Every structure is written in C-alpha cells, then in structure tokens.
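Structure record follows, encoded as structure tokens.
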Amino acid sequence: MPSDTTWTRLEPRTRDADLRDGLRAAVHDPLWLLGRQWQTGEFVGEDAGSLVDARLSLDVERMARGRPGGPDASVPDTVFSDGDAEPPLETLVERQRVRPDGADDTDRNVRLAAEAGAHFQRLLGPVVAAEATEYPESAHLSAETGDEGDESDDSDGSDEADEADDSGESDETPSETKRYLSVVGDRALDGDALYDAYDFADYAAFETAMRGDSPPPAPESFDPDAADDDTLRDYWDAVESYREWYESRYSEPEPGADGGSWDDDRQEYEYAVSTGSESDETVLTADEYEGGRLDWHAFDVDHEASLEPDDWTGPATERVERSLVPAPTAFEGMPAERWWEFEDDGVDLSAVEAAPEDLSRLLLLEFALVYGNDWFTIPVDLPVGSLSSVASFELETTFGETIDADDAIVTDEDATTGWNMYSMGLDATGDERGLFLAPTLVESVESETVESVELARDESANVAWAVETTLEGRVGQARDRDEEVAGGEDATPVATSEDAEVAYQLATDVPDNWFPLLPRRRSLGDVSLELGRLLTDDGPPAEPLGDVLAGDLSVPDEEVSRTGKTVDRRYALTRWTDGSTHLWGGRETSVGGGGTASGLAFDELVDPRTGDESAPVGDPTPFPDAEPVPPTARIELTDAQFETPGGARENLDAETVTLTNVGDDSLDVSGWSVADAAGTAYRVADGTTLGGGASLTLHTGSGPDTDTDRYWGRSQAVWNDAGDTVHVFDDGGALVLARTVPERPEDVTGDPLALAAVVADPTGTGADPTEEYVVFENASGGPLDVSGWRVEDAAGHSYRFPAGTELAADASIRLYSGVGADDTGECYWGRGSAVWNNSGDTVSVFDAAGALVLRHSY
C-alpha cells in the first residue's frame with residue numbers, strides 16, 4: 001500500500017535579498033515572543049539527549065626511521081627515539097654540511113674559524129691562560145689564509161687580477177676577506193686547525209702526543225713534560241669539550257651524506273619517514289618539499305616501500321584510550337542559542353551576498369544559521385611524531401543511550417573513492433590511514449640569503465640560464481655577483497678598415513655568473529637541461545663558485561617554466577621542545593620573476609668606434625634621437641641624474657649631467673653650451689679643456705667650479721624627471737650631441753597590428769599582475785594569424801602567442817601579464833609580477849620571423 005511521507009520544518013527564512021530585518025529579531029512584545037517559542041515547539045522535550053561523554057580508542061604508531069633521499073636512497077637512516085632527542089623534521093630534511101673538510105679547505109669560512117679559535121682559548125683558560133701570540137704559527141689564522149683559492153679576493157677572479165696582486169698593484173680597496181684577515185690576522189687562532197690537530201681517540205693517545213717529539217700546537221708557557229697528571233688531564237678535558245662543541249655547533253648530516261635529502265636536478269628535497277613496525281609499518285614520503293615549512297600535507301603514503309632492515313623492527317602500535325566530554329562547537333559570529341539573547345556585531349551574516357547559484361555561500365549560511373549548534377568538539381592529545389587512527393568511537397547521551405560512530409571506510413568498498421580530511425592517501429582497502437602529527441617547527445629565525453641562483457628562460461636567445469646572483473663570501477657575507485662581474489671587457493668587434501662604418505662581432509659577451517642550461521634528449525619526450533659553460537677567447541670558461549650549481553646539474557625541462565625558479569641558501573636557528581638549540585644551513589625554492597634577457601647574440605654588425613686601441617666604446621644608440629655623432633667627435637653623455645629627492649628647488653647639486661671625452665686627444669670645449677629640450681642653456685667657461693678620457697659634471701645648483709665639476713647656479717631644477725633631451729653645441733653653434741634620457745625608440749605603426757590600450761600595473765606595487773594587460777587590434781582588414789609572434793617591453797621581457805592564435809578582421813586580443821587559462825580573445829603571460837612600467841615603457845611586437853611589426857612608447 002503506497003505511503004506518502006512528508007517533513008515540514010519551520011525555520012526563520014525570508015525571500016528578501018536583505019537578511020538584516022530577519023536576523024535582527026527585534027523584540028516588541030516579550031510575551032508574544034514566548035508564545036512563538038511555544039508555538040514552534042522550542043519548549044517541547046524531544047526524544048534525543050545531549051552528548052555528555054565520548055570514549056575514543058586510538059591506534060598510535062610512533063615514528064621509527066627517517067631516510068634522506070626517499071625509500072630507495074642508500075644513506076644512513078635516522079632512528080627516532082621515544083623522547084625529544086632528535087631535532088625537528090625540518091632540520092633533519094634541510095640540513096647540509098657546513099663545517100669544512102679540514103683546515104686546508106680553501107672555501108672554508110675564516111670568520112667561523114676565528115670564532116672557534118677564540119672559544120678554544122676560553123675553554124683552555126682555566127688550565128693555561130695564554131694569549132694567541134703564545135701559540136705556534138701553525139695554530140694562527142694568518143693573513144695569508146685567504147690567498148689560496150679565494151675567488152672573492154678579486155672582483156672577477158681573473159688572471160690579470162692575480163698578477164696585479166703579485167706585483168703589488170692591486171685595487172686600492174681590498175676584498176672583504178683580506179680586510180678581515182688584515183685586522184684579525186695573527187691575533188686569532190685557527191679553530192679548524194686546532195680541531196684537526198687535537199684529533200685523539202683517548203687520553204692515552206693525547207698524553208703520548210703531548211709528551212712526544214711532535215706535540216699538537218700548545219702555548220709556549222705550557223710545558224707538557226713538566227705538567228703533573230692532573231693538569232694534563234684538565235688540558236685533555238678542555239680539548240674534549242672543545243671538540244664536542246665544534247661538532248655540535250651545526251646540525252649536519254653524517255660525513256659522506258652531504259645534502260642527502262636535496263635533489264640537485266629537481267632543486268627540491270626528498271625524505272621518507274616510517275611509523276610502526278612489521279605489518280603495521282607505514283612509509284610516508286615527501287618527494288617535492290621545497291624548503292621553508294614542512295607539515296603532514298607534504299607527505300604521501302608509499303604502500304609498497306619499507307625502511308626496516310632485516311634485523312630491526314620499529315616500535316609496536318600503541319592502543320590509547322580516551323574518555324572526554326564533548327563541547328559544543330563555537331565559532332566567531334555564531335548565532336545565539338536563544339532568541340532574546342543579545343549578540344555582538346563582530347560578524348554580519350546578513351552582509352553575505354549569495355545569489356541562488358552560489359551554492360557554497362548558501363551552504364555556509366545554512367550551516368551557520370540553522371545547523372551550527374548541531375556540532376561538537378572533542379579535543380584529543382596525540383604524541384608528536386606519530387601516525388594515529390581511530391579504532392572505535394562511542395558517544396553517550398543524557399538519556400543513557402550509547403551510540404557507536406560508524407567508520408567512514410566501508411568494508412568491501414574502494415576507499416579511494418570516498419571523502420576524507422586530514423588523512424593520508426588511502427589504498428583500495430583503506431589501510432594505513434590516519435592523522436600524521438609531524439615533529440615540525442612552529443617558528444624559526446632565518447638569516448639573510450647567503451647564496452641565490454635563478455633558473456630562467458631567455459626567449460630572445462632561446463636558451464635557459466642558471467644565474468648566480470648571490471654567493472657566500474669567506475667571512476660569511478653575501479657577495480653580489482652581478483656587481484662583481486659588472487664592467488668586464490666586451491668582445492672586440494673586427495673592422496676591415498679605419499673608415500669602416502660597421503664591424504663584425506662573432507658573439508656578444510655574457511657575464512661570468514651566467515651559465516647556460518643546454519637541452520639534451522634522454523629518450524623520446526624526455527628532455528633535460530644540463531649545466532654548460534661559455535667558451536672565452538682569453539682563458540678557460542668561467543665556473544660556478546657556489547654550492548647550488550656544484551657538480552653536474554641536469555634539470556628536467558619541465559622544472560624550468562616560463563616564470564622560472566629561484567633557489568636560495570640561508571641559515572636557520574630554532575629551539576626544540578626539549579630546550580635544545582639547532583642551527584643548520586638549508587635551501588628554499590620559490591617561483592622566479594619570469595623570463596630573463598642575457599643579450600646573447602651571434603654574427604652582429606656593430607659600431608666600429610673605439611675609445612682606445614682595443615676596446616670599443618659600446619654599441620651605438622639603437623634608436624637615436626638626433627643625427628648620429630660623427631666618428632671624429634669626442635664628447636659623449638655618460639651619466640644623467642634628473643630625478644632627485646625633494647621638490648623642484650631642493651637638492652639641486654644632485655641634479656647633474658656628465659660629459660666625457662672618449663677620445664685620446666685633448667678637447668677644447670671653451671664656449672660650448674649645454675641645453676635642455678626647452679632651450680635653457682649653460683655656457684662652458686673659456687679655457688676649459690678635457691683631456692683624453694676626462695669627464696666634466698654639470699650641477700644645476702651653486703658651488704665652487706673645479707676642473708671636473710661646474711655649477712649652473714640656478715635656483716630651481718632644469719631637467720624634467722620624467723625625461724628630457726641633453727643638447728651640446730660647440731662654440732660655433734653646431735649641434736655636437738643630442739641624447740634623450742631615458743632613451744625612447746621611434747614608434748612603428750600601421751598594418752597589420754595596432755596597439756589599442758595599455759593598462760599598466762593598476763596597483764602600482766608591481767606584485768600583482770592579474771589586472772595588468774595590453775590590447776592589440778587586427779588592422780589588416782582580413783584574418784591575421786599571430787602564432788609565434790613575440791611581445792616585448794623595454795627591458796626585454798618577452799611573450800610568444802601560442803600556435804593557433806588567429807584574429808578575425810577588426811578583432812582584438814587582450815594579453816594579461818598574470819596567470820590564467822587562454823581563451824578566445826584573451827591570453828595570459830603567466831608572470832608572477834607586473835611587466836609594464838607605470839612611469840613609461842615601450843611595447844614592441846615582432847612576427848614569427850623576427851621582423852618588427854609594431855612599437856609604441858608611452
């Protein structure tokens with residue numbers, strides 16, 4: 001017999017889009033409100049009780065072993081104990097070797113060696129109070145320590161710089177290492193050398209050596225032969241304390257396992273942890289950890305792996321029983337339980353706008369307004385470093401009812417198709433599930449980056465690069481490699497004659513800290529980028545100087561995307577739960593800043609003008625603002641400082657233009673004049689001569705004139721901050737030089753493509769490229785295929801339209817700088833930062849063959 005069953009639930013609900021009046025529940029008549037509560041059944045006892053007790057049984061598997069490099073790596077395991085003896089997991093995964101291999105290690109940190117030597121003196125002080133000068137020379141950190149193999153001693157590490165050092169004609173400012181050693185020098189002990197010298201197995205070996213013919217370095221005031229046994233024993237205790245301190249100074253992997261967790265090719269960490277034992281063993285792997293913060297969600301269950309050796313088993317599974325009182329779940333903004341209770345205005349649920357199709361918002365409001373008081377919280381304390389799963393869960397109500405909570409995993413059903421939260425990945429049977437509470441850090445103190453490498457693609461040169469931007473110096477300082485290699489010699493073009501208008505250049509130079517990543521096909525569809533070298537015509541190719549690019553790097557092609565990748569190395573310090581302090585050196589990988597431009601090009605025709613017999617002045621202005629300077633002219637604009645702090649009448653002495661005689665002969669500039677675009681002019685005083693290579697700086701403000709500095713004497717700024725043109729006329733009024741700063745190329749417009757709009761970085765911060773875009777229109781009159789066409793800014797950042805990109809007649813396409821999915825009329829560059837400068841930039845478009853189609857400066 002058919003039966004129709006219906007449910008009706010009376011709830012406060014409104015069809016009005018504004019929920020404010022309904023949620024306000026204004027009370028005009030308390031008696032009427034009590035009647036409504038009676039009418040809605042709020043005073044009626046239901047056949048359901050409140051929860052008063054919960055009994056929970058948990059199976060807890062403690063962490064057993066940890067293995068750097070994953071389950072298949074052949075490196076020593078870390079065996080975890082029940083206490084807090086082991087450092088936090090981030091330390092175990094990230095740590096790398098910091099201490100040198102010995103006192104003869106040419107890359108060791110001399111500042112750390114001096115600090116260690118000072119600590120040796122402090123420990124030995126109660127036995128032998130001696131100054132560093134009383135120790136033999138072998139124990140000193142001499143000023144010559146930094147000379148051998150120290151790449152940081154010379155700005156470019158070139159042979160010429162070494163020869164200059166030998167001849168005594170080095171730079172006036174020495175390197176950071178030499179400056180440090182010149183101050184410390186023989187005043188400090190070499191802690192690394194002392195650690196090596198006092199390497200004895202026990203006191204007997206130490207005593208034999210100290211009273212033998214070749215004792216380790218000791219103060220001159222200490223005579224081992226005359227010392228009694230107690231004094232010598234105290235000496236040995238101080239040596240043992242020093243060696244223990246030296247070995248525990250940094251948290252490091254075992255010797256021979258340097259960087260065992262770090263995958264040089266993929267530039268990320270890989271680590272495996274096991275819990276439980278035998279049949280209950282669970283292996284968790286973190287194979288894509290990039291550094292920073294490690295937690296349970298970085299791990300996945302490896303159902304096939306095992307870390308247990310044949311003769312070892314991990315800790316047995318523990319059964320933990322808990323009896324707890326459930327507490328109603330509370331959250332900020334939760335509606336009060338009674339209608340007449342006053343609520344705060346911390347959360348305004350009526351302000352949540354939800355259309356009928358906004359299911360997620362509607363569900364959130366439904367939970368908050370109707371079902372929020374149906375949930376309970378049961379806190380459970382779990383041991384750190386364990387994988388816990390629920391064995392049974394019983395609830396008891398006020399009516400004495402006992403309710404068994406069902407397992408979410410149903411027998412004979414595929415567990416991988418179900419929904420679960422805060423649980424590891426399940427296999428089909430649902431085994432090895434649970435909550436992994438990893439022994440990870442809450443916070444740590446990190447140093448500044450001491451080494452940084454950028455992996456990026458150069459679309460213009462069709463090469464990927466590994467660029468060492470920062471290196472750690474031998475006194476712990478961060479060396480700016482871009483600054484160190486700047487100003488190196490450019491490749492010299494070859495001119496067929498002195499009157500040649502162009503010269504041939506085989507290849508342009510790339511800085512010494514740029515290393516190519518060359519593609520190599522390993523198999524069909526598998527391409528790797530291997531670290532290469534650039535050949536030079538004056539010596540061996542430059543080599544990487546840091547740790548990140550050490551060895552034979554072979555990066556999978558997919559690891560270097562269009563946005564690139566940055567690898568930073570730094571030090572971290574933390575205090576663990578047992579009060580111990582851990583200091584380690586590790587790496588962290590982050591998304592890069594987009595593509596790069598090396599300027600690498602081959603077979604070029606360039607300007608043949610030279611400033612001396614060997615080096616060219618430089619490439620001519622690619623888009624000149626006036627007639628090119630004749631080859632016989634000597635004057636060049638070498639610097640311009642238009643934008644100065646303050647207003648138009650402040651810091652006028654800092655607003656300058658610098659003119660340089662780039663020829664060999666002297667140049668008489670008496671009566672010459674310098675003028676801006678508005679015609680405001682300054683006349684050079686009579687008798688002014690510039691020698692070969694000499695410069696003259698013209699200041700807008702007032703001051704005493706010298707041979708190298710002249711002052712205009714004006715009371716307000718001359719040059720426009722946004723850009724201006726520097727004109728130089730000789731004493732006859734002829735134009736000698738016209739240079740616009742910043743240089744703007746000539747616009748190129750017309751068929752087949754036109755620039756319709758530029759919306760540059762609306763936020764003005766450069767960090768959010770989502771709303772930055774340019775719009776191009778098809779001006780050809782017919783369909784236009786722009787597949788492979790390249791868009792560039794003035795800095796060389798480039799984007800290529802993907803294959804199949806076609807514009808109908810009069811159609812437009814919008815190119816966003818951020819990340820998104822390409823669609824009809826929209827493309828996404830995929831960058832993590834803005835491209836187009838708010839203060840002005842140049843938009844250039846090249847077709848698939850490389851021909852310039854469009855250029856516009858704004």
Side-chain angles (χ1 to χ4, degrees), residues 3-28 32-44 46-51 54 296-297 326-379 390 393 395 397 403 405-410 413-423 425-426 433 435 768 770-771 816 818-821 823-824 826 828:
S3 173
D4 294 332
T5 303
T6 60
W7 289 270
T8 301
R9 180 166 179 166
L10 188 59
E11 299 173 354
R13 187 182 294 267
T14 178
R15 292 288 183 180
D16 195 337
D18 187 0
L19 302 178
R20 185 175 291 104
D21 292 338
L23 292 175
R24 184 179 298 158
V27 177
H28 299 285
W32 176 88
L33 183 58
L34 290 172
R36 288 292 294 168
Q37 287 185 273
W38 170 83
Q39 186 180 22
T40 57
E42 189 171 345
F43 296 151
V44 177
E46 299 177 349
D47 57 350
S50 299
L51 297 179
W296 67 269
H297 46 72
T329 299
F331 54 87
E332 190 172 354
M334 183 176 179
E337 295 183 359
R338 289 292 180 261
W339 280 88
W340 61 73
E341 183 177 344
F342 288 99
E343 300 177 354
D344 60 35
D345 59 351
V347 176
D348 187 3
L349 294 174
S350 66
V352 179
E353 298 179 358
E357 64 273 11
D358 293 336
L359 296 181
S360 59
R361 294 187 180 184
L362 291 173
L363 289 174
L364 176 62
L365 289 176
E366 184 101 7
F367 166 78
L369 297 175
V370 181
Y371 303 109
N373 59 352
D374 293 341
W375 292 81
F376 290 82
T377 300
I378 302 176
V390 177
F393 186 27
L395 299 170
T397 69
I403 303 171
D406 294 332
D407 195 334
I409 306 301
V410 181
E413 290 188 7
D414 188 353
T416 61
T417 61
W419 183 90
N420 69 88
M421 181 179 243
Y422 303 119
S423 176
L426 304 177
R433 69 183 188 271
L435 173 65
D768 185 8
T770 55
E771 299 299 329
Y816 287 92
V819 179
D823 199 354
T824 304
E826 293 182 353
Y828 291 84

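Just so you know, these numbers come straight off a predicted model, no measurement behind them.
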Completion exercise
Smallest heavy-atom separation, A355 atom then L362 atom, equals O-CD1, 3.8 Å

Handout entry: Considering all heavy atoms, the nearest A54-F393 contact
Key =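 Scanning both residues, the minimum pair turns out to be CB-CE1, 4.0 Å.
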
Exercise for the section: Can you measure from CG (L363) to CG (D358) and round to the nearest 0.5 angstrom? Expected result: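 So the CG of L363 and the CG of D358 are separated by 11.0 Å.
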
Problem - Separation between OH of Y828 and OG1 of T770, rounded to the nearest 0.5 Å - result: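 Here the rounded value is 9.5 Å.
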
Practice task
Flag yes if more than 12 heavy atoms outside E353 fall under 6.0 Å of its CD atom; otherwise flag no.
Solution key: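 Check fails, neighbour count at 12 or below.
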
Practice task
Answer yes or no: does atom CD of E826 have more than 12 heavy-atom neighbours from other residues, nucleotides or ligands under 6.0 Å?
Solution key: yes

Problem - Residue pair I378 / L395, side-chain heavy-atom distance below 4.5 Å - result: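 With C-beta onward as the side chain, the pair touches.
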
